[in-house]
Amino acid sequence: MNIFRLAGDMTHLASVLVLLLKIHTIKSCAGISLKTQELYAIVFATRYLDLFTVYISLYNTLMKLIFLGSSFSIVWYMRRHKIVRRSYDKDHDTFRHYFLIIPCFLLALIIHEKFTFKEVMWAFSLYLEAVAILPQLVLLQRTRNIDNLTGQYIFLLGAYRSLYILNWIYRYFTQPHYSHWITWISGLVQTLLYADFFYYYFQSWKNNIKLELPA
């Protein structure tokens, strides 16, 4: 653990809390992609297969439970809650996300650290997380309707991954033999996908105007 990883974890947690705040208090999921939330649920379900078999620390276990529980809760809210689901923009959230799942799984079968079920699933979760934000970004480009909470949610998600990159750099220079190429490359791809959003987010903040993405 170091300050960059802790900050990354807290930023990631903050992004989830912002989204849950929007859904639970406003009873709205407008501007949120169900496809992206389903991808994140798959990411956490496949990454934390060791939840009940490997104990690292109380902190680690709690974070796993929080991200698993929150991701499936968000999916349930958007699919089943009688009020929240009415605000879901199904007509614009049409990204075929299974086109992301299948290639990521095939890539995990080819490129992994060890050919075991858990390691392949771990690699799959990294590849899928790297591109899981794509349906969300496409939805925002189509609707061009980004409220403050949605914008903050996506910004915090991107900030979390950026902080994790700093964590990896720190560990590379302070821990002997530290090397995780799969994690590094996946994280870099994920961060780059946020670059365009970050640009328009800071432009809206700087000029005090409503956040909009180009169509």
Side-chain angles (χ1 to χ4, degrees), residues 5 8-54 56 58-85 87-90 93 95-102 104-105 108 118 120-140 149-164 183 186-187 189-191 193-194 197:
R5 178 177 176 180
D9 286 346
M10 293 302 102
T11 305
H12 194 185
L13 180 60
S15 71
V16 173
L17 293 177
V18 165
L19 183 53
L20 285 173
L21 175 69
K22 172 177 178 171
I23 291 175
H24 185 70
T25 59
I26 305 177
K27 296 294 187 294
S28 171
C29 62
I32 301 299
S33 168
L34 175 60
K35 306 295 179 66
T36 283
Q37 298 308 315
E38 288 176 339
L39 291 178
Y40 279 131
I42 295 172
V43 165
F44 296 128
T46 53
R47 181 172 301 172
Y48 300 146
L49 293 172
D50 63 349
L51 179 60
F52 299 108
T53 59
V54 177
I56 299 175
L58 179 60
Y59 172 84
N60 183 269
T61 300
L62 285 175
M63 293 300 282
K64 289 178 179 179
L65 289 171
I66 288 171
F67 289 124
L68 273 170
S70 61
S71 61
F72 281 96
S73 295
I74 292 167
V75 171
W76 179 86
Y77 263 108
M78 295 183 70
R79 281 190 170 275
R80 301 296 179 187
H81 194 279
K82 61 182 180 180
I83 298 176
V84 174
R85 67 181 183 180
S87 58
Y88 170 50
D89 192 354
K90 184 178 180 179
D93 191 24
F95 191 103
R96 297 180 181 179
H97 57 333
Y98 50 83
F99 283 161
L100 298 176
I101 296 173
I102 295 173
C104 288
F105 179 71
K118 285 185 179 179
V120 170
M121 288 297 99
W122 177 79
F124 166 69
S125 75
L126 291 176
Y127 300 144
L128 189 60
E129 185 184 16
V131 295
I133 197 63
L134 280 174
Q136 178 66 68
L137 295 176
V138 170
L139 173 62
L140 295 183
L149 288 177
T150 301
Q152 290 171 16
Y153 164 67
I154 300 171
F155 173 78
L156 288 168
L157 271 181
Y160 133 72
R161 182 48 69 190
S162 300
L163 287 166
Y164 253 66
T183 305
S186 299
V189 169
Q190 184 179 357
T191 304
L193 289 177
Y194 286 93
F197 175 85

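Residue numbers run from 1 in the order of the sequence given. Note that the structure is a prediction, hence the values are computed from the model and not measured.
Looking at Lys64, its side chain never comes within 3.5 Å of a backbone N or O of Leu51 through a donor-acceptor pair. A donor-acceptor contact shorter than 3.5 Å links the side chain of Thr36 to the backbone of Ala132. In this structure, Gln136 contributes its side chain and Ser33 its backbone to a donor-acceptor pair below 3.5 Å. Side chain of Ser186 to backbone of Thr183: no donor-acceptor contact under 3.5 angstrom is found. Checked by atom type and distance alone, the side chain of Arg47 pairs as donor or acceptor with a backbone atom of Ser125 at under 3.5 Å. Remark: side-chain polar atoms of Lys22 are not paired, donor with acceptor, to backbone N or O of Thr150 under 3.5 angstrom.
Atoms CD1 and NE2, from Ile23 and His81 in turn, are 10.0 Å apart once rounded to the nearest 0.5 Å. Asp50 contributes atom CG, which lies 11.5 Å from atom CH2 of Trp122 (distance to the nearest 0.5 angstrom). Annotation: the span from Leu34 atom CG to Arg79 atom CZ amounts to 5.0 Å, rounded to 0.5 Å. Considering CD1 of Ile42 and CZ of Phe105, their distance stands at 12.0 Å, rounded to 0.5 Å.
Here the closest non-hydrogen pair linking Ile154 and Tyr194 is O-CE2, 3.6 Å. Summarising the geometry of Ile74 relative to Leu19, their closest heavy-atom pair is CD1-CD2, 3.6 Å, with the distance given to 0.1 Å. Met78 and Ile32 make their closest contact through CE-O, 3.4 Å (heavy atoms, listed as atom of the first residue, atom of the second, distance).
Between Tyr40 and Phe44, the angle of the ring planes stays under 30°, which puts this pair in the parallel group of the 30/60° scheme.
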Practice problem: Evaluate the criterion ring-ring contact (aromatic ring centres under 6.0 Å, His included) for residue pair Phe67 and His12; output intermediate values, then yes/no. | Solution: CA-CA 9 Å; Phe67 289 124; His12 194 185; 4.2 Å; yes
